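Just so you know, these numbers use all the heavy atoms, side chains as well, and skip hydrogens, waters and symmetry mates. Treat the numbers as computed from the prediction; the structure is a model and nothing was measured.
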Amino acid sequence: MINISGVYEKDEWETDLSYARRIAQYDFTERLRIWAAEQGIKMNARVRIPINVVEKYTQATGDDLAGILERIDREHGMQ
């Protein structure tokens, strides 16, 4: 379930799909950064996450952003 509490408000021009995708990406990034910190992987909180860290995270946890976004697209009738 996507948690939108504490995140920015939805802009009027945004569709529900774009909002859901943005929140999913935000939540995924937060989970990944927490996992990386627990693993002792040092990253700046404001820079792009290296792909090798994303791959390690996905392999270790099974949490996959592409899969999450595909599910959101299906639920919104995009696939």
Side-chain angles (χ1 to χ4, degrees):
M1 188 64 163
I2 298 172
N3 178 9
I4 61 172
S5 63
V7 186
Y8 40 84
E9 291 294 321
K10 178 179 168 183
D11 293 328
E12 289 181 20
W13 59 268
E14 285 186 304
T15 65
D16 289 337
L17 174 60
S18 67
Y19 187 65
R21 289 177 61 91
R22 188 161 24 143
I23 296 304
Q25 291 169 344
Y26 175 85
D27 286 347
F28 177 84
T29 301
E30 289 301 306
R31 291 190 304 272
L32 191 151
R33 289 185 187 280
I34 291 168
W35 174 86
E38 290 171 352
Q39 303 304 310
I41 300 171
K42 304 234 187 259
M43 291 189 305
N44 185 324
R46 296 190 174 263
V47 299
R48 188 175 282 211
I49 299 169
I51 190 68
N52 66 326
V53 175
V54 175
E55 290 170 350
K56 287 178 185 177
Y57 172 73
T58 298
Q59 289 174 351
T61 65
D63 194 4
D64 178 37
L65 180 59
I68 294 168
L69 295 178
E70 287 176 14
R71 183 177 52 90
I72 290 170
D73 289 345
R74 272 194 315 273
E75 290 174 358
H76 283 83
M78 299 304 292
Q79 291 182 342

Any idea which heavy atoms bring I72 and R21 closest together, and the distance?
->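 Taking I72 first and R21 second, the nearest heavy atoms are CG2-CG, 4.0 Å.
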L65 to A24 - nearest heavy-atom pair and separation |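 So the minimum-distance heavy-atom pair works out to CD1-O, 4.2 Å.
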May I have all residue pairs that pass salt bridge (Lys or Arg N to Asp or Glu O under 4.0 Å) and include part of residues 50-66, sequence neighbours excluded?
->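 Qualifying pairs, neighbours excluded: R31-D63.
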Rounded to the nearest 0.5 Å, what's the gap from OG1 on T29 to CD1 on I34? Could you check?
->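 Rounded to the nearest 0.5 Å, the OG1-CD1 separation comes out at 11.0 Å.
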What distance do F28 atom CZ and T58 atom OG1 have between them, rounded to the nearest 0.5 Å?
->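 Going from the CZ atom of F28 to the OG1 atom of T58 covers 4.5 Å.
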Counterpart residues, side chain to side chain donor-acceptor pair (under 3.5 Å), relative to E75 (two or more places apart) |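 Side chain to side chain donor-acceptor pair (under 3.5 Å) list for E75, sorted by chain: R71.
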Just distance, no hydrogens or angles: give the donor-acceptor pairs under 3.5 Å from side chains in residues 38-54, sequence neighbours left out.
residue: N44; atom: OD1; partner: R46; partner atom: N; Å: 2.9

